[in-house]
Every structure is written in C-alpha cells, then in structure tokens.
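Take a look at the structure set out below.
All values reported here derive from a predicted model rather than from experimental measurement.
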Amino acid sequence: LDDKVLAEWNGLMLASLAEAALATSNHQWLAAATKNGRFLLANLRREDGRWLRSWQPGHDGSGGRAQHLAFAADLAALTDGFTRLAEASGQARWVSAAIDCADQLLDLFWDDERGGVFTTGRDADELICRPKDLADNAIPSANSATAVALLRLGALTGNERYRRRALDTMRLLAPLATNHPAAFGHLMAAADMVDHGFSEVVIPGEEHELLDVVRPRHLPATVLAWGEAYDSPLWDGRERGKAYVCRGFSCGLPASTPAELEAQLDEI
C-alpha cells in the first residue's frame with residue numbers, strides 16, 4: 001500500500017483548493033485547505049525547521065513519521081500553496097509559512113553561478129553533478145514552480161529578492177522555452193504575469209461586500225491582501241472599510257463601495 005504523503009503534491013493541491021475556495025466562497029474547501037496547511041506545518045518539518053519530502057502514517061498506533069530532505073519542487077509548491085491560502089483566508093500566518101518555504105528554497109537550492117534552483121539542497125548527500133528540473137511535464141518543474149511562486153509572494157510582500165530570483169530563473173529557461181514552448185507551460189504563466197505586470201488589491205479587515213467583488217474575478221496577475229495585516233508595503237496607511245487597487249505598490253484612490261471597486265478592477 002503506497003500511503004505516503006508528499007510535500008510537493010500536497011502543495012499543488014493546497015494551491016488549487018485555496019484558489020477555488022476564494023473564487024467560489026466555498027467554506028468547505030477553505031476549511032479543507034486550512035486543515036491541509038496545518039497538517040503540513042505540523043508533520044513535514046524537522047524540529048530545526050528543515051522541510052521534509054515524505055510522510056507516512058504509523059501502522060503500529062504511532063502518529064506517523066516524515067523522512068527524506070525536501071527537494072526544490074517541494075518547497076516551490078509549498079510556497080505557492082501557502083501564498084494562495086493566505087489570499088483565500090486573510091490569515092497572516094500563511095504568509096509567514098510561505099516566506100519560510102521561499103527563504104529555505106533560495107538559501108539551500110539556488111545556483112549562484114547560472115541562476116535557477118538545483119533539485120537537491122546544499123545539505124543533501126553530495127552528488128557527482130547536482131541536477132536541475134527544467135521542463136514542465138504532468139506537474140510543473142521545480143524551476144517553473146519557483147518562478148510563479150516567487151513572483152506572487154514577492155507581489156504580496158514587497159520582497160525584491162523574490163522578484164529578482166524569479167526573473168533570474170525565467171532568464172535561465174528562456175532559450176529552451178522559446179524553442180520548445182509546449183514543454184514549459186507553467187513557465188509561460190510566469191512570463192504572462194511579468195508581461196502584464198502585477199496588480200495588488202488590499203482590503204484591510206473583513207469587508208465582505210468589497211471582498212465579494214474581487215473573489216469571482218479571474219485575475220491571474222493580481223494578488224489579494226485582506227484580513228490580518230503582515231509585513232508588506234501594501235498595508236502602509238490603509239483604512240478599514242475601503243479597498244485599494246495598486247500596481248507595483250502604487251495605489252489609486254481608495255474605493256468605499258462595491259461599485260467603485262468594480263470600476264477600478266475593470267481597468268486592470
């Protein structure tokens with residue numbers, strides 16, 4: 001019986017479930033995503049905070065155990081999953097979890113010479129050659145997932161390091177993606193975000209009339225900050241009861257009504 005729980009696959013599921021919950025206001029999906037996020041934080045990390053790849057339940061009455069150092073793909077998927085859970089829930093704790101994953105990804109896997117992330121971390125068993133996962137297949141490659149995850153988290157937090165590393169990753173893959181675009185579908189999503197330019201929507205607190213204007217819209221190059229504040233320039237000087245539509249952290253006049261917000265979102 002293959003009953004292992006993989007960090008990468010759960011990160012992918014978490015991102016999809018959280019995005020769907022936000023778009024549909026489905027509370028059951030949000031509850032499931034939140035439960036999944038809590039499980040990952042509680043079970044897929046060592047005591048020192050190092051993320052692990054695989055967890056299996058105990059068959060002798062024990063609570064299960066995690067093993068094997070996480071790969072770059074695990075951390076990229078987790079970064080995106082936690083970022084989207086923060087957008088869906090309005091809870092700052094998930095931004096902190098995404099930052100933890102992104103920092104570990106860059107600190108342990110980044111290639112300082114050529115850019116992009118290696119498959120294995122600096123703390124893993126030494127290999128003759130450290131491989132890189134480049135092309136997208138049934139699931140995104142580690143590098144494509146890294147580019148998307150860092151772009152979105154950087155747009156939420158204002159951390160320029162994330163944006164720079166995302167662009168460096170895209171430059172590494174650009175020659176291959178230009179000649180073989182069908183093999184880099186997830187990377188093309190990152191390229192579209194950069195080409196379009198990010199917008200940020202900020203709704204301090206839980207103003208559901210304003211939030212409900214944003215939820216059903218498909219805005220792939222837009223991030224949403226609402227609910228609990230966290231460390232980001234998006235939150236500076238924001239008033240409760242209003243919504244702010246920004247582009248590159250430069251915001252227009254606050255919207256006080258759903259109609260005003262609708263008009264601003266139409267311009268994105």
Is the shortest heavy-atom distance from the side chain of [X] to the side chain of [Y] under 4.5 Å?
X	Y	value
R161	D103	yes
D125	T120	no
L134	L173	yes
L187	M170	yes
D212	P258	no
V201	W226	no
E8	I139	yes
W51	D100	yes

With rounding to the nearest 0.5 angstrom, report the [atom1] to [atom2] distance, [X] to [Y].
X	Y	atom1	atom2	answer
R53	L75	CZ	CG	10.5 Å
W94	T34	CH2	OG1	6.5 Å
T257	K242	OG1	NZ	11.5 Å
L265	E260	CG	CD	12.0 Å
R247	E200	CZ	CD	8.5 Å
E206	E228	CD	CD	8.0 Å

Could you check whether any side-chain N or O of [X] sits under 3.5 Å from a backbone N or O of [Y], counting only pairs where one atom can act as donor and the other as acceptor?
X	Y	answer
R240	E207	no
R122	W110	yes
N143	D133	yes
S54	K4	no
N10	L6	yes
D80	A76	no
N43	F39	yes
D74	F71	yes

In this structure, are over 12 heavy atoms from other groups packed under 6.0 Å from [X] atom [atom1]?
X	atom1	answer
R93	CZ	yes
E126	CD	no
Q56	CD	yes
L253	CG	no

Give the intermediate values and the outcome of side chain to side chain contact (heavy atoms under 4.5 Å, CB included) for residues V95 and T83.
CA-CA 6 Å; V95 176; T83 298; over 6 Å; no
Please report the shortest heavy-atom distance between [X] and [Y], naming the atom on each side.
X	Y	value
S141	D136	N-OD1, 2.8 Å
L156	S232	O-OG, 2.7 Å
L150	A166	CB-CB, 3.9 Å
L106	Y162	CD1-CD2, 4.0 Å
T157	P233	O-CD, 3.3 Å
A255	Q264	CB-NE2, 3.9 Å

Steps toward side chain to side chain contact (heavy atoms under 4.5 Å, CB included) verdict (L172, K132)
CA-CA 11 Å; L172 170 70; K132 280 183 182 176; 3.9 Å; yes
Y230 vs W235 aromatic rings, parallel, tilted or perpendicular, using cut-offs 30° and 60°?
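Taking W235 first and then Y230, their aromatic rings stand perpendicular (interplane angle over 60°).
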Set out, in order, the CA-CA distance, both residues' side-chain angles and the distance that settles side chain to side chain contact (heavy atoms under 4.5 Å, CB included) for L85 and N36, then state yes or no.
CA-CA 10 Å; L85 183 54; N36 181 243; over 6 Å; no
For the pair [X] and [Y], find out whether any cationic side-chain nitrogen is under 4.0 Å from an anionic carboxylate oxygen.
X	Y	value
D168	R164	no
D111	R130	no
R46	D48	yes

Verdict with supporting geometry, R217 and T222, side chain to side chain contact (heavy atoms under 4.5 Å, CB included)
CA-CA 10 Å; R217 286 178 174 252; T222 299; over 6 Å; no
